[in-house]
Amino acid sequence: MVTGDELLLLYEQMAVIRRTEKAAHDLFLSGLVKGTTHLAAGHEAIAVGASAALRADDYVFATYRGHHHALARGATPEECLAELMSRATGLCGAKGGSMHLTKASAGMLGSYAIVGAHLPMAVGAAWSARLRGTGQVAVAFFGDGATNIGAFHEALNLAAVWKLPVLFVCENNLYMEYTAIADVTAVARPAADRAPAYGIPGEVVDGNDVVLVQEAVDRLARRARAGDGPALLEASTYRHYGHSRADPAAYRPAEEVERWLKHDPLDLARGRLDGLGVSAEAIGAADERATAVVQKAVEAAKAAPAPDPAEALTDVWADGGAAWRN
Ligand SMILES: Cc1ncc(C[n+]2csc(CCOP(=O)(O)OP(=O)(O)O)c2C)c(N)n1
Ligand SMILES: [Mg+2]
């Protein structure tokens, strides 16, 4: 069971993510973010709870809605915001942008814009871990929309057949872009209801409760490390912003939005902290630290230089340059 001090750390991480996403939204609207953004405000508890249950050397794969996973795996708000703003100090030197945040040194093996494409990659990483006997687990985070993509089914099947140490974590926010997943899927739980067809246990968790997510991922990761094979966790959640950019998400019923905003991951964690005897002052101090970190990150990213054009061909090919092609 998590202690008050441990949960306060998770709360602060979620508070940092929430504020980073708000900053990304504001920077986008003021024209400082190049390309698009897909914000994960509302999804914080999934990334933070899962990361808290994983080993530092485990592998994580995320989607284009992946800021929360990069931050939960140790990327800083400054690195992430600088990446969104195409600055030299960005997490990927401005070569990735919002949709491709990657921090390989922290096992964050990328954010992928092709829906479903990274699930087979996570299976490959799990296979590699198995062959090397490292005890590592690979985790693929993906949206509900990916469950209607062929790669989801291929990945689950192969992972089960080879009993690989991979966890499939579906962030079910009820929508795939502007379409309700329920309108195009015959089962109620698009991920969890299908997992048993591949011989994989499919569980559902409240994805807005960081403690429940941590407990579930901890249990499923132990199982995978012990050689008992893959598992699927469907985490119910809701995005606070639209799908991308400035989408006002007018296709979502007002009553639904209101209900989910009342089920906010930060509020839920605050309630649990209170129950564990953590003072309102301690929670307020965590909020203030989070605000200060993100404010500083925004200023630093704004002040950072653009990348040197001479860097354009570095980190592109395995040899670090373009010589491979010549
Ligand atoms: C293979 C593929 N088809 C279509 C798209 C366009 N597209 C981008 S995001 C998206 C919706 C995905 O929804 P979901 O998987 O639920 O993730 P969410 O955005 O809700 O996090 C679609 C269809 C794409 N990027 N890749
Ligand atoms: Mg979705």
Side-chain angles (χ1 to χ4, degrees), residues 17-18 20-21 24-25 28 35-50 60-72 84 96-101 108 110-122 139-156 167-195 202 204-208 213 232-253 256-257 259-261 263 265:
I17 295 172
R18 176 68 55 88
T20 305
E21 294 298 61
H25 185 248
F28 181 85
T36 185
T37 55
H38 301 81
L39 303 176
H43 290 218
E44 296 91 348
I46 300 171
V48 170
V60 165
F61 296 76
T63 72
Y64 50 84
R65 193 181 309 287
H67 301 173
H68 52 329
H69 295 297
L71 290 162
L84 269 58
S98 166
M99 292 204 284
H100 302 291
L101 297 184
M108 206 281 179
S111 316
Y112 297 84
I114 306 299
V115 173
H118 59 302
L119 275 73
M121 293 184 200
V139 187
F141 295 95
F142 55 95
D144 43 283
T147 65
N148 287 336
I149 293 272
F152 167 84
H153 299 271
E154 295 170 25
L156 263 65
L167 304 186
F168 300 100
V169 180
C170 177
E171 303 187 25
N172 184 354
N173 59 12
L174 308 183
Y175 291 86
M176 31 185 290
E177 288 189 327
Y178 323 111
T179 303
I181 187 74
D183 290 347
V184 293
T185 309
V187 291
R189 290 291 177 181
D193 285 350
R194 280 134 159 198
V204 175
V205 70
D206 179 351
N208 284 5
V213 173
L232 182 144
L233 185 65
E234 181 172 329
S236 310
T237 190
Y238 205 71
R239 52 175 155 73
H240 286 193
Y241 294 102
H243 170 68
S244 65
R245 285 169 280 210
D247 165 29
Y251 44 86
R252 302 193 304 190
E256 179 187 280
V257 176
R259 182 159 36 87
W260 276 96
L261 290 183
H263 193 61

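Note: hydrogens, waters and symmetry copies are ignored here, and every other heavy atom, side chains too, is used. Each ligand, and each atom within it, is numbered from 1 in the order the structure gives. This is a predicted model, so every value here is computed, not measured.
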Can you sort out the partners of Thr179 under side-chain contact (heavy atoms from CB on, under 4.5 Å), two or more places apart, ordered by chain and number?
Met176, Val184
Have Arg189 and Thr147 got a donor and an acceptor in their side chains that come within less than 3.5 Å?
no
Option passing side-chain hydrogen bond (donor to acceptor under 3.5 Å, both in side chains) with His263 (candidates Asn208, Thr237, Asp206)
Asp206
For a distance under 2.8 Å, give residue and atom name for each protein N, O or S atom next to the Mg ion (ligand 2).
Asp144 OD1, Asn173 OD1, Tyr175 O
Is it the case that the side chain of His69 and the backbone of Ile46 share a donor-acceptor pair, with hydrogens and angles ignored and the cut-off at 3.5 Å?
no
Mind checking the CD-CZ spacing from Glu171 to Arg239? Nearest 0.5 Å is all I need.
12.0 Å
Can you name the side-chain hydrogen bond (donor to acceptor under 3.5 Å, both in side chains) partners of Tyr175, sequence neighbours left out?
Glu256
Sole candidate of Asn173, Val48, Ile17 that passes side chain to side chain contact (heavy atoms under 4.5 Å, CB included) when paired with His43:
Asn173
Measuring from each atom of ligand 1, which residues have a heavy atom under 4.0 Å away?
Tyr64, Arg65, Ala113, Ile114, Val115, Gly143, Asp144, Gly145, Ala146, Asn173, Tyr175, Met176, Glu177, His243
For Ser98 and His67, does a side-chain donor sit closer than 3.5 Å to a side-chain acceptor?
yes
Count the heavy atoms of every other residue, nucleotide or ligand shown that sit under 6.0 Å from CZ of Arg245, and state whether that count exceeds 12.
no
